[in-house]
Colleague: 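First, the structure itself, so that you have it in front of you.
Residue numbers start from 1 in every chain, and the chains themselves are labelled A, B, ... in the order their sequence lines are given, proteins ahead of strands.
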Amino acid sequence: MAKRRLRVMVAKPGLDGHDRGARVLARAFRDAGYEVIYTGCHQTPEQIASAAIQEDVDLVGLSNLSGAHNYLYPEVCRLLKEKGAEDVTVIGGGIIPDKDFQKLYDAGIKALFVPGATLESITSWIDQNVSPRE
Amino acid sequence: MEDKTRKIREGDIRAVSRLIRNLEDRIPTTDEAIRHLFPFTGKAHIIGITGSPGAGKSTLTDELIYAFRQMGKTVGVMAVDPTSPFSGGAILGDRIRMQRHAEDPGVFVRSLATRGALGGLSKAVGEGIHVLDAMGKDIIIVETVGTGQQEVEIIDHAHTVIVVLVPGMGDEIQAIKAGILEIADIFVINKADREGAGKLFKEIRGSLDMAKNFPGGWRPPILMVESLFETHSFSQSVAELAQKTLDHHQLLIDKDLMGDRKRRKATAEMNEAIRAAVLEPVLDELVSSGRLDEMIQKLVDRASDPYTMAAEVAKQYLAPKKTEEP
């Protein structure tokens, strides 16, 4: 019997077309042995939550650089919960001021990675905190 | 288990996506689940879409979903992308093209990695088709990985196979080679606004002209689909493609040819099931005991050969055939 493979989704909510970072992350996740579903840019929180459930992912990584994280990230968490998928871990990245961190954690975001975070720091956080759901 | 299969038949998305995950991860209870679902399958029209990387399979699939939804049909999609032979990871990017349907409850899209399976399909695809069928999808589209010349397994699973070609991929010899060009029920020449589309059309047509006969009299049509940036003509071409797949399906039914296709899928599934029941337990044991590694090392050192060692394994695991007493 094969062991469970971690499935993660890299998603870009909102009106932001800067997806170089998201693509680099997708590549790093592939190299870490995860199966990565990339949604592309300009996604609504509804599209992301719905796709995350259809794909049965363990983790959703959100990337947004337009400053709309305070609305978009909690909304993804809320929709996942509404659809009975609060067991999906949600993390976020982007240009996020320190003062917003607590608000996002309170909304259900489990970790935030801002400019300067290394790829290793992100994959090692995932390896330590997320495992494929049984 | 009854409860879970009922949820799947009622179209519960979480139950469906979880079962497909379990199929991919080869969780033992899935055999039971498929057994329960099996009587509720066999209703959907299964369409395979295959072609080289970058030919436009995902974009065509996206527009096909739209065309079928316009006809009021529900659609399930399984899109396969390759697994890295080094990390075991994968980037599943087909979904990018199909995200506009993410919120449509009549559409279910699932990305799968090949996980080392040959032939451009993952092992879970064949069973996943049954799951989407049991959940009541009218149309199931299976998008293979970008294929080369020989990845023809899709014909074991699909009723209608669409082969997507693009201009400029090779000379006229390519069109008469064996393999992927033989499995098409419908040809699409995609990006047909590019140079060489007319030549490609003539090559395929010439190749079809040489065929002696076509089962049920279905000569695979060749459809030209131009740039998706010409949205109107693109939509029209793909709507025509959708209609052709339905025509083909109808022909299979009318000419009593569905049996052949179903038999092909049944044969593939039987092979797969026997392999899973017989070969995999043996391989698992050889891996966990370290014996496989030993054998590989012997092979590297040229201390033995694969046939001798495989024969030893066979001798150990296969019961000797009882000879009839006279």
Side-chain angles (χ1 to χ4, degrees), chain A residues 1-13 17 19 22-58 76 79-88 123 126-127 131-134, chain B residues 12-30 58 76-84 86-105 107-116 122-124 132 276 280-281 283-284 287-288:
Chain A
M1 192 184 101
K3 84 175 186 1
R4 280 204 187 272
R5 194 81 39 92
L6 195 72
R7 282 174 73 86
V8 306
M9 175 173 283
V10 176
K12 281 196 63 65
D19 70 339
R23 281 187 277 153
V24 169
L25 264 180
R27 168 67 200 263
F29 289 164
R30 182 201 87 181
D31 291 342
Y34 317 152
E35 287 182 355
V36 189
I37 293 104
Y38 178 44
T39 63
C41 300
H42 311 310
Q43 301 292 300
T44 64
E46 286 81 2
Q47 283 175 310
I48 292 167
S50 163
I53 289 169
Q54 291 185 16
E55 297 287 356
D56 199 52
V57 294
D58 305 299
V76 172
L79 287 163
L80 282 172
K81 197 169 175 186
E82 188 179 285
K83 292 168 191 282
E86 64 269 34
D87 52 346
V88 176
T123 52
I126 294 172
D127 288 337
S131 48
R133 290 168 302 121
E134 279 309 320
Chain B
D12 181 295
I13 303 299
R14 282 222 97 185
V16 169
S17 58
R18 179 89 305 218
L19 177 55
I20 295 175
R21 173 85 175 269
N22 287 345
L23 291 168
E24 292 188 283
D25 289 337
R26 308 186 78 75
I27 304 299
T29 55
T30 52
S58 302
V77 177
M78 280 191 290
V80 189
D81 264 331
T83 293
S84 160
F86 301 108
S87 73
I91 293 185
L92 310 176
D94 297 324
R95 199 185 176 95
I96 299 175
R97 311 272 176 243
M98 305 173 205
Q99 268 298 80
R100 67 170 155 151
H101 306 291
E103 289 176 70
D104 179 351
V107 178
F108 178 90
V109 177
R110 186 63 153 69
S111 316
L112 295 93
T114 53
R115 301 213 178 168
S122 91
K123 286 179 185 152
L132 298 186
E280 282 180 14
L283 279 174
D284 283 351
V287 168
S288 59

Colleague: Between the side chains of Asp87(A) and Arg14(B), is the shortest nitrogen-to-carboxylate-oxygen separation below 4.0 Å, so that they form an ion pair?
Modeller: yes
Colleague: Below 4.0 angstrom, N of the basic side chain to O of the carboxylate: do Arg4(A) and Asp58(A) qualify?
Modeller: no
Colleague: With a sphere of 6.0 Å drawn around CZ of Arg18(B), does it hold more than 12 non-hydrogen atoms of other residues, nucleotides or ligands?
Modeller: yes
Colleague: Name the region of Tyr34(A), side chain, backbone, both or neither, that has any atom closer than 4.5 Å to a heavy atom of chain B.
Modeller: backbone
Colleague: Out of Lys83(A), Arg133(A), Arg7(A), Gln43(A), return the one with the most heavy atom pairs under 4.5 angstrom to chain B.
Modeller: Arg7(A)
Colleague: Which bit of Ala85(A) is near chain B, if near means a heavy-atom gap under 4.5 Å: side chain, backbone, both or neither?
Modeller: both
Colleague: Who wins among Ala90(B), Ala113(B), Pro281(B) for the most heavy-atom pairs under 4.5 Å with chain A?
Modeller: Ala90(B)
Colleague: With distance as the sole test, does Thr30(B) use its side chain to make a donor-acceptor pair with the main-chain N or O of Asn22(B) at under 3.5 Å?
Modeller: no
Colleague: Nearest 0.5 Å, please: how far is CD1 in Ile53(A) from CD in Glu55(A)?
Modeller: 11.5 Å
Colleague: In terms of heavy-atom pairs under 4.5 Å with chain B, which of Ile48(A), Ile37(A), Val8(A) leads?
Modeller: Ile37(A)
Colleague: Regarding Glu35(A) and Arg115(B), does a basic nitrogen lie under 4.0 Å from an acidic carboxylate oxygen?
Modeller: yes
Colleague: Could you tell me which portion of Val107(B) (side chain, backbone, both or neither) has an atom closer than 4.5 angstrom to a non-hydrogen atom of chain A?
Modeller: backbone
Colleague: Taking every heavy-atom pair that is under 4.5 Å apart, which of Gly88(B), Ser111(B), Ser84(B) has the most such pairs with chain A?
Modeller: Ser111(B)
Colleague: Side chain, backbone, both or neither: which part of Gln99(B) has a heavy atom under 4.5 Å from chain A?
Modeller: both
